[in-house]
Number of protein chains: 2
Amino acid sequence: MTIKIGIVGYGNLGRGVEGAIAQNEDMELVAVFTRRDPETVKIQSNAAIHHVDDAEKFIGKIDTMIICGGSATDLPEQVPHFAQWFNTIDSFDTHAKIPEFFETVDAINQKSNTTSIISVGWDPGLFSLNRVLGEAVLPKGDTYTFWGDGLSQGHSDAVRRIVGVKNAVQYTLPVPEAVEKVRNGDAPALSTREKHTRVCYIVLEEGADAAKITEEIVTMPNYFADYDTTVHIISEDEFNTNHTGMPHGGFVIRSGQSDAGHKQILEFSLKLESNPYFTSSVLVAYARAAYRLSQKGHVGALSVFDVPFSAISPKTPEQLRAELL
Amino acid sequence: MTIKIGIVGYGNLGRGVEGAIAQNEDMELVAVFTRRDPETVKIQSNAAIHHVDDAEKFIGKIDTMIICGGSATDLPEQVPHFAQWFNTIDSFDTHAKIPEFFETVDAINQKSNTTSIISVGWDPGLFSLNRVLGEAVLPKGDTYTFWGDGLSQGHSDAVRRIVGVKNAVQYTLPVPEAVEKVRNGDAPALSTREKHTRVCYIVLEEGADAAKITEEIVTMPNYFADYDTTVHIISEDEFNTNHTGMPHGGFVIRSGQSDAGHKQILEFSLKLESNPYFTSSVLVAYARAAYRLSQKGHVGALSVFDVPFSAISPKTPEQLRAELL
């Protein structure tokens, strides 16, 4: 008996989820749901394609629905909607709104006897888990999260919106000296500027003023003003050759001290050639957990903190103890 | 209301647990239990000291008992014994016997309405968790565990048993080239010899034959024959100055591939100035979980795989979501 999965939304994330399901023998993609005309959507697998309005017909035929929309407007609307009928997984990442989002989804789950795991991915997600682990195991200490080397979608978009910019990517890089200090257990106090630098590669429209655009980028409030930012102006060819991937990663470091004064350092790191594909892989593992926990009688919203790793693994607890403990 | 902890066995690990409890405001050390004459045992805190035979009198007064004995003979006897009366935590690390140990303890738990979390620490323990996570998230890939730089107790003991050796420590070191290949996602096949080297620092008895002892070490079956081993003969002074700590650590790396062919690398690493103090810190966090899960009605044996991180943290799920997700 395979676990039956549905996908809502077929962008980068939805495509990644489709690929990740293909890597898991205990899972099956039943259908992709789209807001577009289903006739116009081509997918990689043989799964059915339906309009989102048809999802209700799949009650009982899908064990977990993975909602692959954006955090700004899609997920706050779609997750409560689909949680009426299905267990759900999402990658909601608007940190400040997580508590409110959780309460909204949980209320639907309670009424509908469903289980939703919210804010799944790597940050929020696996990085969050390691922040909790670090604090729990080393209560006296400091936690540091560094991101990169990686492409930041939001910052790339911000640069692309500048008049005269034809195309742009922005990479976030951790500052090596800061990382070194943290790894050595020096527990430094680090400002925003001391932790990360930002690098932009931009293609200009013909006749655009390079100096003016560069100035506009490096002084942009919220996005760049608090960082040391470097802007490289490149050709469209170079852009297409070197800057169309979506690498990312980073690390969570807990630098703590045992009661007797010993320095103890815990680090979790990711080096990802594709950010959306990795996020998708995490979503799929937690889709298994949502189904399993729901089968065990759980009802309600959960975060990754509430899900034991035995629930995300295809192996039985007996196998896990014998093979991996 | 604090969580009331008991310690069975007061060696390095027991002392570390006592220190770790002092770092956790929601916990209280009620008593240390020893097989020695309690009058002869001095501890760091104000907790009571009792003979192990008096433990039964503490039923209802201790929420979780942390059993700090050795895996060879202590834990297989003590964990089932104390699980009759208390929730327990142990660091049982004889990998091949874990399934049998689990079944034995679980049978006692079921009869006694208690909860035991077995094989807690960093390996088995946090490293095991990361092996499961890596496989679940990246089903196509390879998992590598490297240990070190660190002092290996068993190997140090083996060297100390050689006639003519007055004192000795053995350090396990990961081979940097092997680690580099794994981190680059090359997914190499690595022999035992290619993964780790071993370095011994030994103090000789007067008149001992250095060449003969060195040969005896490097050819010792099971312990050293499969590794490249270096032996340094040092003075007792140098030994006491530089080799009395118990550092350890290592890393678990999952090198996997998304369906679309992207390399994705996940790494968890530890750099520990004190191995026993860190293991103790992990035991204490899971002692909280044993109590909490038991309060929620759970009965039976568990491994770290079955315990969500929300159960090891002193924070509420609401706090965790707001502060760390």
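Residue numbers start from 1 in every chain, and the chains themselves are labelled A, B, ... in the order their sequence lines are given, proteins ahead of strands. Computed over heavy atoms, backbone and side chain alike; hydrogens, waters and symmetry mates excluded.
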(message) Counting the benzene-type ring for Trp, do A/F309 and B/F309 have ring centres under 6.0 Å apart?
(response) yes
(message) I need the A/S310 OG to A/L324 CG distance, nearest 0.5 Å.
(response) 12.0 Å
(request) Heavy-atom distances under 4.5 Å only: say whether B/E267 touches chain A with side chain, backbone, both or neither. (result) both
(request) Let me know if A/L126 has heavy atoms under 4.5 Å from chain B in its side chain, its backbone, both or neither. (result) side chain
(request) Please look at A/I98 and chain B and tell me whether the side chain, the backbone, both or neither of the residue comes under 4.5 angstrom of a heavy atom of that chain. (result) side chain
(request) Residue by residue, scan residues 243-251 of chain B and write down, ordered by number, those that have a heavy-atom distance under 4.5 Å to chain A; if none do, write 'none'. (result) none
(message) Quick check on the interface: out of B/K263, B/E323, B/E25, who has the most heavy-atom pairs with chain A under 4.5 Å?
(response) B/K263
(request) Determine, for B/Y10 and B/R15, whether the Lys NZ or Arg CZ falls below 6.0 Å from the six-membered ring centre while staying within 45 degrees of the axis. (result) yes
(message) Taking every non-hydrogen pair under 4.5 Å, which of A/F127, A/Y286, A/F278 racks up the most with chain B?
(response) A/F278
(request) Taking atom types as modelled, find out whether A/D142 and A/S255 have a side-chain donor-acceptor pair closer than 3.5 angstrom. (result) no
(message) List the residues meeting salt bridge (charged side-chain N to carboxylate O under 4.0 Å, His left out) with B/R288, not counting sequence neighbours, and say none if there are none.
(response) B/D26
(message) Please identify, among A/S281, A/G125, A/S258, A/P124, the residue contributing the most non-hydrogen atom pairs under 4.5 Å to chain B.
(response) A/S258
(request) Measure B/F102 against the heavy atoms of chain A and call it side chain, backbone, both or neither at under 4.5 Å. (result) side chain
(message) Please classify the contact of A/Q257 with chain B as side chain, backbone, both or neither, using a heavy-atom distance under 4.5 Å.
(response) backbone
(message) Does any backbone or side-chain atom of B/L283 lie under 4.5 Å from a heavy atom of chain A? Answer side chain, backbone, both or neither.
(response) neither
(request) Pick one of side chain, backbone, both or neither for A/D93, based on which atoms fall under 4.5 Å of a heavy atom in chain B. (result) neither
(message) Between A/R131 and A/D123 (salt bridge meaning N to carboxylate O under 4.0 Å), is one present in this structure?
(response) yes
(request) Give, as side chain, backbone, both or neither, the part of A/V282 having an atom under 4.5 angstrom from any heavy atom of chain B. (result) both
(request) Please say which of B/I66, B/I89, B/V307 ends up in a side-chain contact (heavy atoms from CB on, under 4.5 Å) with B/V120. (result) B/I89
(message) For a 4.5 angstrom cut-off between non-hydrogen side-chain atoms, does A/N24 reach A/V284?
(response) yes
(message) Quick check: do B/I108 and B/V105 have side-chain heavy atoms less than 4.5 Å from each other?
(response) no
(message) So for A/N275, is it side chain, backbone, both, or neither that comes closer than 4.5 Å to the heavy atoms of chain B?
(response) neither
(message) Heavy-atom pairs under 4.5 Å with chain A - which of B/S274, B/A260, B/P314 has more of them than the others?
(response) B/S274
(request) Measure the shortest side-chain to side-chain distance between B/F101 and B/I118 over non-hydrogen atoms and say whether it is less than 4.5 angstrom. (result) yes
(request) Taking the side chain as every heavy atom from C-beta outward, state whether B/E28 and B/I5 have any pair of such atoms under 4.5 Å apart. (result) no
(request) Show your working on side-chain hydrogen bond (donor to acceptor under 3.5 Å, both in side chains) between A/T88 and A/S116 and close with a plain yes or no. (result) CA-CA 5 Å; A/T88 69; A/S116 293; 2.7 Å; yes
(message) As an exercise: rank A/L272, A/L302, A/V304 by heavy-atom pairs under 4.5 Å with chain B and give me the winner.
(response) A/L272
(message) Using 0.5 Å steps for rounding, measure from the CG atom of B/L75 to the NZ atom of B/K97.
(response) 12.0 Å
(message) If we define contacts as heavy-atom pairs under 4.5 Å, which of A/L138, A/I21, A/T145, A/L266 has the most with chain B?
(response) A/L266
(message) I need the residue from A/K140, A/E103, A/R254 with the largest number of non-hydrogen atom pairs under 4.5 Å to chain B.
(response) A/K140
(request) With a 4.5 Å cut-off on heavy-atom pairs, point out which of A/A22, A/A285, A/P317, A/S269 contacts chain B the most. (result) A/S269
(message) Do B/F268 and B/L270 have side chains that approach each other closer than 4.5 Å (heavy atoms only, starting at C-beta)?
(response) yes
(message) Do B/V182 and B/P188 have side chains that approach each other closer than 4.5 Å (heavy atoms only, starting at C-beta)?
(response) yes
(message) For A/I312, which atoms come within 4.5 Å of any heavy atom of chain B: side chain, backbone, both, or neither?
(response) both
(request) Answer with side chain, backbone, both or neither: which region of B/L325 has an atom nearer than 4.5 Å to a non-hydrogen atom of chain A? (result) both
(request) Among B/N46, B/V17, B/I7, find the one that has a side-chain contact (heavy atoms from CB on, under 4.5 Å) with B/L29. (result) B/I7
(message) Please classify the contact of A/S303 with chain B as side chain, backbone, both or neither, using a heavy-atom distance under 4.5 Å.
(response) side chain
